[in-house]
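Step one of this worksheet: look at the structure below.
If you're wondering where the values come from, they're calculated on a predicted model, not measured in any experiment. Letters A, B, ... mirror the listed sequences (proteins, then strands); counts begin at 1. What's counted below: heavy atoms across the whole structure, side chains too, no hydrogens, waters or symmetry copies.
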Amino acid sequence: MSQNSIMPGFRLTIGFTVVYLSLVVLIPLSTLVFQSFRLSWDDYLHIITNKRVLSSFYVSFSTAIVAALVASFFGFIVAWVLVRYEFFGKRFFHALIDFPFALPTAVAGIVLATIFQPSGFLGKLLIDTIGVQVAFKPLGIVMALIFISIPFIVRTVEPVLLEFEASMEEAGASLGATRLQVFNRIIFPNVFPALLTGFALAFARGVGEYGSVIFIAGNLPYVSEIVPLLIVTKLEQFDIEGATAIALTMLVISFLLLFVINTLQYWVRKRSGQL
Amino acid sequence: MNVIQLPVNKLVAPKPQALQDPDWVRWSLITIAISFIGLFILLPLGLVIVKAFSKGIEAYWSALSEPDTLSAIKLTLITAAVTVPLNTLFGVTAAWAVTRFDFKGKSLLTTLIDLPFSVSPVISGFIFVLLFGAEGWFGDWLVQHQIKIIFTISGIVLATLFITFPFVARQLIPLMQEMGSQEEEAALSLGAGGWRTFWSVTLPNIKWALLYGVLLCNARAMGEFGAVSVVSGHIRGITNTLPLHVEVNYNEYNIVGAFASASILAALAVLTLILKTALEWQQARR
């Protein structure tokens with residue numbers, strides 16, 4: 001170990017950091033790994049390949065992907081409008097973007113369930129006009145996850161759009177490009193890595209999301225039951241083995257996603273010349 | 001790089017229409033963006049208020065002054081009062097260690113600090129059940145010594161500590177990295193001690209980012225649902241935090257009760273946003 005010669009407090013700060021990190025995060029997390037050693041490989045496969053478990057993984061992943069895609073599309077437009085245009089109330093809308101991040105998930109859950117339930121304000125409207133029921137279906141989960149995803153997309157795309165140099169667009173324009181060509185060939189390719197990072201962040205959050213989803217989902221096994229809820233259900237039935245196997249699988253997937261996100265962010269920074 | 005020299009008189013001015021979006025595009029995009037924010041953010045916010053007051057202001061107050069609601073508020077405040085200072089202390093210490101020294105495994109340490117962000121809230125609660133639950137690793141030992149953690153406030157505090165762990169550190173690390181340590185080195189070489197340097201050089205430089213981190217940490221500590229729900233046991237009036245109280249009321253079709261409690265949490269979220277925006281303007285002005 002080497003340390004900066006003059007700065008004080010190396011032993012104190014590094015010691016406290018490592019001890020506190022171990023006590024609060026690493027030791028608790030590692031119990032999940034050690035607990036899973038008590039399961040044999042066959043037991044593990046038996047739990048994970050259960051039809052209800054597989055369905056819950058399908059529900060969680062498909063809804064999270066759809067929600068992150070929809071949120072990426074609209075989030076990009078929101079970020080674009082907030083960076084490029086001037087309009088009345090812009091600062092107000094700008095401040096609102098982080099609301100899903102600040103609002104406790106349980107509150108988001110009951111509010112969205114109330115809006116989209118068949119007797120609710122939008123739920124009734126959607127059933128009457130296009131005959132689509134949102135609440136208590138996978139579509140309801142998608143709605144909740146779109147809400148959760150908004151700040152992840154907007155806040156990742158926004159700084160890249162802000163730092164985007166006008167000279168690049170001017171160069172394209174002076175070479176005779178149309179506006180659509182400038183957007184397609186210059187702006188979008190430069191913003192894409194950030195958009196992909198935002199998508200991955202939203203997806204990773206969506207897969208593990210619990211509070212905002214369970215009220216609107218209906219939680220019907222095989223149809224609208226998400227993985228985190230299944231872990232809770234197993235736990236309430238004192239099926240620690242089942243909960244452990246599912247939780248460990250989720251944890252491994254989350255860490256793989258974290259790795260992908262870190263690689264993407266490295267790519268974004270490299271492209272924008274910060275490295 | 002080759003620079004192509006063009007005769008000045010042949011330089012064409014860029015076509016303005018290639019640099020600006022046509023009006024119809026501009027207005028359609030603004031409309032889409034505002035409708036999207038309106039649908040997904042303003043409507044939910046408005047609905048909390050409408051539902052909370054749907055049976056009048058008296059029903060609202062009586063829902064809030066119910067003993068179970070008051071004890072939920074108290075439990076939420078206690079949880080935040082324990083976890084926020086601890087994670088703030090950690091955040092400042094970790095930021096100092098990571099940004100002021102070079103050592104092996106530094107980037108691993110930074111990654112590990114962010115770890116709780118990528119763990120599902122339910123799993124964050126579950127690991128504490130595995131450790132301290134009746135059938136958990138320390139289960140027998142805790143029973144022998146008559147200590148209860150799961151289904152008590154201790155479990156709630158531990159799960160919240162885990163969930164809000166990275167918030168302060170994550171705000172401070174990039175800032176202190178960017179600032180460098182020249183100012184502190186100057187203070188130290190002029191004879192100031194380590195603490196004095198921290199209080200009068202470092203702290204004034206990081207105070208806004210620190211406040212920002214504390215704000216986000218506090219919002220999450222008071223609002224966490226999934227992790228707390230797993231360890232709390234939902235004992236009314238004893239281990240129900242405010243978000244859990246919202247759930248219990250909602251599932252019992254006590255809509256005014258659920259939304260009255262939800263309105264406090266929504267107000268907290270709005271207050272957090274206002275303070276956050278004020279802090280951002282403060283930083284932009286500097």
Side-chain angles (χ1 to χ4, degrees), chain A residues 1-4 6-10 13-14 16-17 20-21 24-25 28-29 31-32 35 74 77-78 80-81 85 87 93 95-96 98-99 102-107 110-112 114-115 146-147 150 169-170 173-174 177-179 182 204 208 210-211 228 231-232 240 243 247 250-251 254 258, chain B residues 12 14-15 17-19 26 29-30 32-33 36-37 40-41 43-44 47-48 51 90 93-94 96-97 100-104 112 115-116 118-123 126-128 130-131 135 137 161-162 165 181 185 188 194 219 223 225-226 230 243 246-247 250 258 262 265-266 269 272-273 277:
Chain A
M1 284 205 184
S2 65
Q3 51 166 297
N4 200 323
I6 169 169
M7 299 299 284
F10 180 71
T13 55
I14 197 83
F16 180 74
T17 302
Y20 189 80
L21 174 75
V24 177
V25 177
L29 257 187
T31 45
L32 182 56
Q35 182 79 23
F74 286 103
I77 295 179
V78 171
W80 178 267
V81 163
Y85 304 152
F87 56 94
F93 285 109
L96 277 180
D98 286 319
F99 185 66
L103 189 71
T105 53
V107 179
I110 66 164
V111 170
L112 293 170
T114 307
I115 293 176
I146 293 175
F147 173 81
I150 299 170
E169 286 174 60
E170 281 161 15
S174 68
T178 64
R179 182 62 184 156
V182 168
Y210 177 70
I231 297 175
V232 172
I240 301 276
M250 277 290 277
L251 196 68
S254 309
L258 182 70
Chain B
V12 234
K15 291 183 194 162
Q17 63 263 40
L19 289 175
R26 177 181 300 247
L29 291 182
I30 290 179
I32 293 172
F36 185 71
I37 297 175
F40 275 99
I41 293 177
L43 183 66
L47 189 103
V48 175
K51 286 281 172 186
F90 165 76
T93 317
W96 183 272
R100 294 299 175 255
F101 305 102
D102 272 323
F103 51 90
K104 258 190 196 164
L112 289 178
L115 217 51
S118 45
V119 178
S120 169
V122 167
I123 297 179
F126 178 49
I127 53 179
F128 290 100
L130 283 180
L131 269 178
E135 293 181 35
W137 293 57
L161 215 49
F162 180 94
F165 182 84
S181 52
E185 279 162 12
L188 289 165
F225 175 73
V230 173
V246 169
E247 183 201 20
Y250 185 82
L265 291 167
T272 304
L273 285 191
T277 311

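- Here the straight-line distance linking atom CD1 of A:I115 with atom NZ of B:K51 works out to 10.0 Å at 0.5 Å rounding.
- Interface remark: of the candidates A:W80, A:F147, A:F74, A:F74 forms the most heavy-atom pairs closer than 4.5 Å to chain B.
- Of all heavy-atom pairs spanning B:S118 and A:S254, the tightest one is O-CB, 3.1 Å.
- Residues A:I110 and B:A262 approach most closely at CD1-CB, 4.1 Å, considering heavy atoms.
- When A:L32, A:L112, A:L96, A:I240 are compared by the number of non-hydrogen pairs under 4.5 Å with chain B, A:L96 comes out ahead.
- Only the side chain of B:I123 comes within less than 4.5 Å of a heavy atom of chain A; its backbone N, CA, C and O stay farther away.
- Smallest separation of non-hydrogen atoms from B:A269 and A:A102: CB-O, 3.5 Å.
- With rounding to the nearest 0.5 angstrom, the CZ atom of B:F36 is 4.0 Å from the CD1 atom of A:I150.
- Contact annotation for B:F40: both backbone and side-chain heavy atoms come within less than 4.5 Å of a heavy atom of chain A.
- In terms of heavy atoms, A:P228 sits closest to B:S120 at CG-OG, 4.0 Å.
- Both the backbone and the side chain of B:F90 have a heavy atom closer than 4.5 Å to some heavy atom of chain A.
- B:F165 is listed as a side-chain neighbour of A:L21, based on a closest heavy-atom distance under 4.5 Å.
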Check: Where do B:R26 and A:F87 land on the side chain to side chain contact (heavy atoms under 4.5 Å, CB included) test, with the steps shown first?
Finding: CA-CA 10 Å; B:R26 177 181 300 247; A:F87 56 94; over 6 Å; no
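- Contact of B:L273 with chain A is made through the side chain alone, with heavy-atom distances under 4.5 Å.
- Contact check for A:L251 versus B:V119: side-chain heavy atoms found under the 4.5 Å cut-off.
- With a 4.5 Å cut-off on non-hydrogen atoms, B:T277 touches chain A through its side chain but not through its backbone.
- The two residues A:T13 and B:F101 come nearest to each other via the heavy atoms OG1-CE1, 4.0 Å.
- Distance check: A:Q35 CD to B:F126 CZ gives 6.5 Å after rounding to the nearest 0.5 Å.
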Item checked: Residue pair B:L115, A:L258: steps toward the side chain to side chain contact (heavy atoms under 4.5 Å, CB included) verdict -> CA-CA 9 Å; B:L115 217 51; A:L258 182 70; 4.1 Å; yes
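- Both the backbone and the side chain of B:F162 come within contact range of chain A, each with at least one heavy atom under 4.5 Å from a heavy atom of that chain.
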Notebook entry, point to check: Do B:I37 and A:F99 pass the side chain to side chain contact (heavy atoms under 4.5 Å, CB included) test, and can you show the C-alpha distance, the side-chain angles, and the key distance before you say yes or no?
Noted result: CA-CA 10 Å; B:I37 297 175; A:F99 185 66; over 6 Å; no
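- Contact annotation for B:I41: both backbone and side-chain heavy atoms come within less than 4.5 Å of a heavy atom of chain A.
- Both the backbone and the side chain of A:V78 come within contact range of chain B, with heavy atoms under 4.5 Å apart.
- For the options B:I127, B:V48, B:L131, heavy-atom pairs under 4.5 Å to chain A are most numerous at B:I127.
- Across all their heavy atoms, B:P121 and A:G208 have their closest contact at CD-O, 3.4 Å.
- Separation of atoms OH (A:Y85) and CG (B:L29) is listed at 4.5 Å; rounding is to 0.5 Å.
- The distance from atom CG of B:L112 to atom CG of A:L29, rounded to the nearest 0.5 Å, is 9.5 Å.
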Margin query: Assess the residue pair B:T93 and A:Y20 against the criterion (side chain to side chain contact (heavy atoms under 4.5 Å, CB included)); give the C-alpha distance rounded to whole Å, side-chain angles, the decisive distance to 0.1 Å, and a yes or no.
Written below: CA-CA 10 Å; B:T93 317; A:Y20 189 80; over 6 Å; no
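- Contacts of A:V111 with chain B are made by both backbone and side-chain atoms, with heavy-atom separations under 4.5 Å.
- Residue A:A204: no heavy atom, backbone or side chain, is found under 4.5 Å from chain B.
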